[in-house]
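Structure record follows, encoded as structure tokens.
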Amino acid sequence: MELLSDRYNHQEAEARNYRWWEEQGFFKADDRSTKPPYCIILPPPNVTGSLHLGHALDQSIQDCLIRWKRMNGFNTLWQPGTDHAGISTQTVVEKELKKEKLTRQGIGREKFLQRTWEWKRLNGDRITLQMRRLGASCDWDRAVFTLDDRVSAAVRKVFVSLFRKGWIYRGQRLVNWSGPLQTAISDLEVEYKQVKGSLWHIRYPLENGRGHLIVATTRPETLLGDTAVCVHPQDERYKQWVGQNVILPLLTKSVPSAPPQKRKIPIIADSYVDMKFGSGVVKITPAHDFNDYKIGKKHNLPFINILDTNTFLNEHAGPYAGLSVTEARKKVLEDLKAQDLLEKEEPHVLNVGHCSRSGAVVEPFLSEQWFVKMDQLAVPAQRVVESGTINIDPESWTKVYLHWMSIIEDWCISRQLWWGHRIPAWYCKDCQQITVAEKDPTSCEHCGSGNLTQDEDVLDTWFSSALWPFSTLGWPEETEALKTFYPTNVLVTGNDILFFWVARMVMMGLEFKRDVPFRQVLLHGMIRDSQGRKMSKSLGNGIDPLDLIEKYGADALRLTFLAHVHAGKDYKFSEQRLEGYRNFMNKIWNATRFALNALQDFQVPEAGVQALPNRAQISSYDQWIIYRLAQAEDRVEEALEEFRFADAAGELYSFVWYEFCDWYIEFSKSVFSSPPSEERSASQLTMAQVLNRIVRLLHPFVPFITEEIYSKLPIKNKACIVDEYPNIRTDRAFLALGQEAAAVEVDLVKGIVSAIRNIRGENRIPPAARINVRIVPSDEHAQKIIGEHRAVMMALGRVDTFEIGEDEGSLSKCALSLVNVQVGAFGTSTVGDGGQVAAGGISGQSSVRVIVPLQGLVDIDEEIKRIHKTIEKLDKDIAILVGRLSNENFVKNAAEEIVHGDRQQLEQAKKQVQDLRESLTRLQS
RNA sequence: GCGAACGUAGCUCAGCGGUAGAGCACUGCCUUCACACGGCAGGGGUCACAGGUUCAAUCCCUGUCGUUCGCACCA
């Protein structure tokens, strides 16, 4: 049999196994299969991106699910793809051009798009190659790009359909405008940040010359676009002025070839104004503020746009034209001050919208844009979540989703970019009408003119993303893939794109497929650094997952995430924890090394994985570990069903490390080093089968090391990745060999060994020192068990002579520990000195006194201290129990088994204290 | 401003009506024939605070303080 190398070389094994998986076609899904389908759509990473920890977390979860379902016999499809990421990609290419002293406008649209495609051809695969390093088992042959012809066809069909329905429209609106990018962005792409600013109080002279109104503003430069001032209709201070005019400071009316004239703007009244804020007078700038826009519409005010597309002031700003917003603000304030129109300046904290892409301050900007009407689309999307057709996990996000849906505004989908799906709308130069069509039209559908020009803008990248669950599967064609895999099963993504993406997929899926795109949404949090800060380039605290994979292995990284994802919470990443899981990989590797060594002369049975050891020949340890394996399989399955990855991973971690390695392997050493026998062979078979299951159970979490180990196991099927995932139903025959009685037995053995070790440890008896132990069992059952396991206990406790008997003799100079085992209370660990907790208080119990003569070994004072400590602990317990049980109401009202359990515990504790006191007096005698 | 989540061991987090758990870190002992990326043993918490419900509250309710997130936004 092939043995394992001393060290697991993850770099080599990961590359080799991944290549093999791909060559074998294990990731491929089947469009026509009798197996049940299971599909996850990968949130398409940006082609410009490189793998970051957020992806790694997201994809670890998805791959774990896919691998788990694949092993469970599902026809799994993990559908990969990449996103053209309009703004990012365009920015990247523009930066390249800049190095060559070129601009996008300079080379023109066509050349620019060529350049961008070229860039995509060269760099677009980077992130998917990086995903492979993580072990992602996507069906790569199906990889889709959002600008592929097929997807573009879907986009056009959706656009045309919504347009015909009147749900897509074009209009002049106030939109969020990014100056550096020179494009509109959607509400969602605006991030509000608190900024320390000022509230300036400005005097607006009354037209009638009888003084002035004071207007408070945080943006004095927008004064240049004011077309009214507004007060509350009930405001006694200003009622008299409503309907009259004020003179707009600074600006003169720009009438060509006419003498400068002061601009008059009306004083209007609207209950929108808060009388208590500022001066109670608000300036209205309808073209540069969302609230003012509404007032402007309502009161039919003129809209004066004072900005250019680069957000510098335009000709309407008169002498301020050409200045940036910041410069204009400064100048306006200076000028106001010079004219004594500035009443005062107060510090003021305000929320300012920033462009999530460029970081620039977003300007409300009046322009022609395309919008998707949201009201009708939102209704069904709201309903499917309310009704539970789509389940959102964690549940608290359901409310967030529903709230957003209820206040949703129309979606601005046009972007003044070149890289993306160009809007399929053509303007007729002759009749000025719009033709919207799936295929490029040659003539105007209104007047037949061929004088058409296509809209210059492209669609918001999220528009194509919204179609992703069905466009990737072939829609609008009724493909087999679509029939098989739509609706998909689970959508896994960060909670930051719930609105951007998840909500819109739900709307589009319902509209165009008449069914939800997925039934389950699994949201996780964001990755943060160890101090809880966002990882970002500017902070320089980003960690490259590829560096971590290189250093610790992909498996360790995956497990770090999976062992720690909890219900949508942000994840503070720490390399130290990763190191811990790397150590676990090492542990698994070495445990396998031990096992393979112990199985060198093992005869591999014909039946392979189905081979069962003879029940009569396997040891209690074997029966116990199988019993625990069954429990682990059960718990892991239940946890995965409920997406509790951390619980599943935790169960496997502790089962493998603390039961299999710490105890089972130790127990087994004596059998395996003994001469061949039927018992030894049976134990070898058990070891081989249990290890086989452990490896398969771990596979979805840590695929590389498990595949590597699996190939070396004596008992195995072809490949771990496609082997069956063990669960208590499919694995019933083997698990039936596990015995609860054996578990109790082993618990007692563990308890005694721990008690001996505890005495050793606390008394600082060096491991080399010989000790003698006397065990006094409380009953025959315990006595029998102890007799059978005597050799193992001696080995693990490093005991020289080991006596079992009723006669305690003299306890003089002896250490004493008490071990209790509750029969029928499996699962609780047995601890020396009575740490045992009754589970339900049913069944009986065995107790054992462990006596270690200390004469000549140590200073007896240490042992006295140890016993005092134990008694103190027990006394505290007793006090609590007595207090409780002497409370009539407790006895009367509490559940029967609680009261009974307490009584039992009290009795036991009292007995233990008595024993310990007795031994204390003898120890001191 | 509205809504939500969270405040538990030094750190990161589980638990959520019956006497506090894990990992890492820490202390002591040990190079025992799978593993020092290891073994064994151990120390450490009035479960933010104040009330209430209950026989019983870290867990349920109310309030306070603190942290974070989402939404809205007042010029």
Side-chain angles (χ1 to χ4, degrees), chain A residues 4 6-8 192 199-200 215-219 222 229-230 272-274 276-285 289-292 295 348 350-351 394 396-397 399-401 403-404 407 495-496 498-499 525-526 530 532 552 556 563-564 566-574 576-577 579-598 644 646-647 650 653-654 661-662 665-666 669 673 753-754 757-768 795-796 798 837 876-877 879-881 883-884 887-895 897-899 901-902 905:
Chain A
L4 295 186
D6 287 359
R7 268 267 136 100
Y8 171 56
Y192 287 90
L199 190 60
W200 286 279
V215 172
T217 180
T218 53
R219 300 199 53 190
T222 60
V229 294
C230 188
Y272 147 78
V273 176
D274 179 354
K276 290 190 284 291
F277 188 89
S279 61
V281 186
V282 186
K283 60 196 261 326
I284 302 295
T285 323
D289 181 281
F290 288 98
N291 288 306
D292 294 4
I295 302 279
H348 185 71
L350 66 160
N351 281 323
S396 58
W397 285 95
K399 268 185 236 165
V400 178
Y401 173 98
H403 177 246
W404 187 72
I407 57 161
N495 56 33
D496 56 333
L498 178 66
F499 307 140
M526 304 293 104
S530 56
Y552 299 98
H564 204 256
H566 276 105
K569 282 181 188 165
D570 283 356
Y571 182 118
K572 281 184 202 163
F573 187 83
S574 109
Q576 216 173 39
R577 196 173 303 130
E579 208 178 305
Y581 288 104
R582 188 272 318 268
N583 295 352
F584 181 53
M585 297 300 101
N586 183 248
K587 190 76 182 173
I588 296 167
W589 184 258
N590 280 297
T592 311
R593 240 160 41 95
F594 168 82
L596 293 186
N597 200 41
R644 288 182 286 112
D647 290 345
Y653 185 94
S654 50
C661 292
D662 286 354
I665 285 183
E666 295 305 322
K669 281 179 178 171
S673 59
V753 171
S754 293
R757 285 170 170 174
N758 176 262
I759 290 169
R760 286 196 93 111
E762 295 259 39
N763 286 294
R764 308 228 167 76
I765 301 172
L796 298 189
R798 319 193 112 244
V837 179
K876 240 161 77 185
D877 291 351
I880 291 167
L881 290 164
R884 221 191 307 182
N887 180 347
E888 269 178 49
N889 288 322
F890 170 69
V891 180
K892 204 168 63 194
N893 294 320
E897 65 262 31
I898 299 278
V899 178
D902 276 9
Q905 244 185 82

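So you know, we letter chains A, B, ... as the sequences are listed, proteins then strands, and number each from 1.
Scanning all heavy atoms of the two residues, the minimum distance from Asp902(A) to Phe890(A) falls at OD2-CZ, 3.5 Å. In this structure, Val273(A) and Gly280(A) approach most closely via the heavy-atom pair CG1-O, 3.4 Å. Closest of all the heavy-atom pairs between Val215(A) and Ser279(A) is CA-OG, 3.8 Å. Between Ala563(A) and Ala646(A), the shortest heavy-atom contact is O-CB, 3.4 Å. When every heavy atom of Arg644(A) is checked against every heavy atom of Asp647(A), the shortest pair comes out as NH1-OD2, 2.7 Å.
Comparing the same atom, P, in C69(B) and in G21(B) gives a spacing of 33 Å after rounding to whole Å. Only the C1' atoms considered, A48(B) is 34 Å distant from G28(B), to the nearest whole Å. Using P as the reference atom, G39(B) and G23(B) are 11 Å apart when rounded to the nearest Å. C47(B) and A20(B) have their C1' atoms separated by 7 Å, with the value rounded to a whole Å. Nucleotides A9(B) and A72(B), compared at atom P, are 36 Å apart to the nearest Å. For C71(B) and G10(B), the P atoms lie 35 Å apart once the distance is rounded to whole Å. Here, G1(B) and A50(B) have their P atoms 26 Å apart, quoted to the whole Å. A distance of about 25 Å separates the P atoms of C60(B) and G70(B), rounded to the whole Å.
With C71(B), A75(B), G23(B) as the choices, the nucleotide that has an atom nearest any side-chain atom of Phe499(A) turns out to be C71(B). Comparing A75(B), U19(B), U12(B) against the side chain of Thr217(A) picks out A75(B) as the nearest. Among G18(B), U19(B), C73(B), the nucleotide with an atom closest to any side-chain atom of Tyr192(A) is C73(B). Across U19(B), C55(B), U12(B), the shortest atom-to-atom separation from the side chain of Lys572(A) is found for U12(B).
Residue Asp274(A) is in base contact, counting any heavy-atom pair closer than 4.0 Å across all strands shown. Across all strands, Ala895(A) comes closer than 4.0 Å to base atoms (heavy-atom distances). Here Leu199(A) lies out of heavy-atom contact (under 4.0 Å) with every strand.
Under the 30°/60° scheme for interplanar angles, the aromatic rings of His564(A) and Tyr571(A) are found to stand perpendicular.
Distances shown here put every side-chain N or O of Lys283(A) at or beyond 4.0 Å from the OP1 or OP2 atom of A75(B). Look at His348(A) and you'll find a side-chain N or O under 4.0 angstrom from OP1 or OP2 of A75(B). Put simply, Arg884(A) has a side-chain N or O that comes within less than 4.0 Å of OP1 or OP2 on U19(B).
Judged purely by atom type and a 3.5 angstrom limit, Asp289(A) has no side-chain atom pairing as donor or acceptor with the backbone of Thr285(A). Asn590(A) places a side-chain N or O within 3.5 Å of a backbone atom of Asn586(A) that can act as its donor or acceptor partner.
Residue Phe573(A) contributes atom CZ, which lies 13 Å from atom P of C13(B) at whole-angstrom precision. Between the C1' atom of U46(B) and the NZ atom of Lys876(A) lies a distance of 11 Å, rounded to the nearest Å. Computed from coordinates, the Asn893(A) CG to G17(B) C1' distance equals 14 Å when rounded to whole Å. The distance from atom CD of Glu897(A) to atom P of G17(B) is 15 Å, rounded to the nearest whole Å. At whole-Å resolution of the value, CE in Met526(A) and P in U12(B) are 19 Å apart. Distance Tyr401(A) OH to G70(B) P: 19 Å, rounded to the nearest Å. Atom OH of Tyr571(A) is separated from atom P of C11(B) by 18 Å (rounded to the nearest Å). To the nearest angstrom, C1' of C73(B) lies 13 Å from CG of Asp292(A).
A salt bridge is absent between Asp292(A) and Lys283(A); no separation between the charged side-chain nitrogens and carboxylate oxygens falls under 4.0 Å.
For an aromatic pair to be called close, the ring centres must be under 6.0 Å apart, and Tyr552(A) with Tyr581(A) fails this.
Between the side chain of Asn351(A) and the base of C73(B) there is at least one donor-acceptor pair of N/O atoms closer than 3.5 Å.
Using a 4.5 Å heavy-atom threshold, the side chains of His348(A) and Trp200(A) count as separate.
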Check your understanding: Reading nucleotides 28-42 of chain B 5' to 3', which nucleotides get B (base under 4.0 Å from a protein heavy atom), which S (sugar-phosphate only), which -?
Key -> SSS-B-BB-BSSSSS

Check your understanding: Where does RNA chain B pair, written as one dot-bracket string 5' to 3', with Watson-Crick or G-U pairs under 3.5 Å, ( ) inside the strand, [ ] for crossing pairs and | for another strand?
Key -> ((((((((.[[[[.)..(..]]]].(((((.......))))).....[[[[[..)....]]]]])))))))....

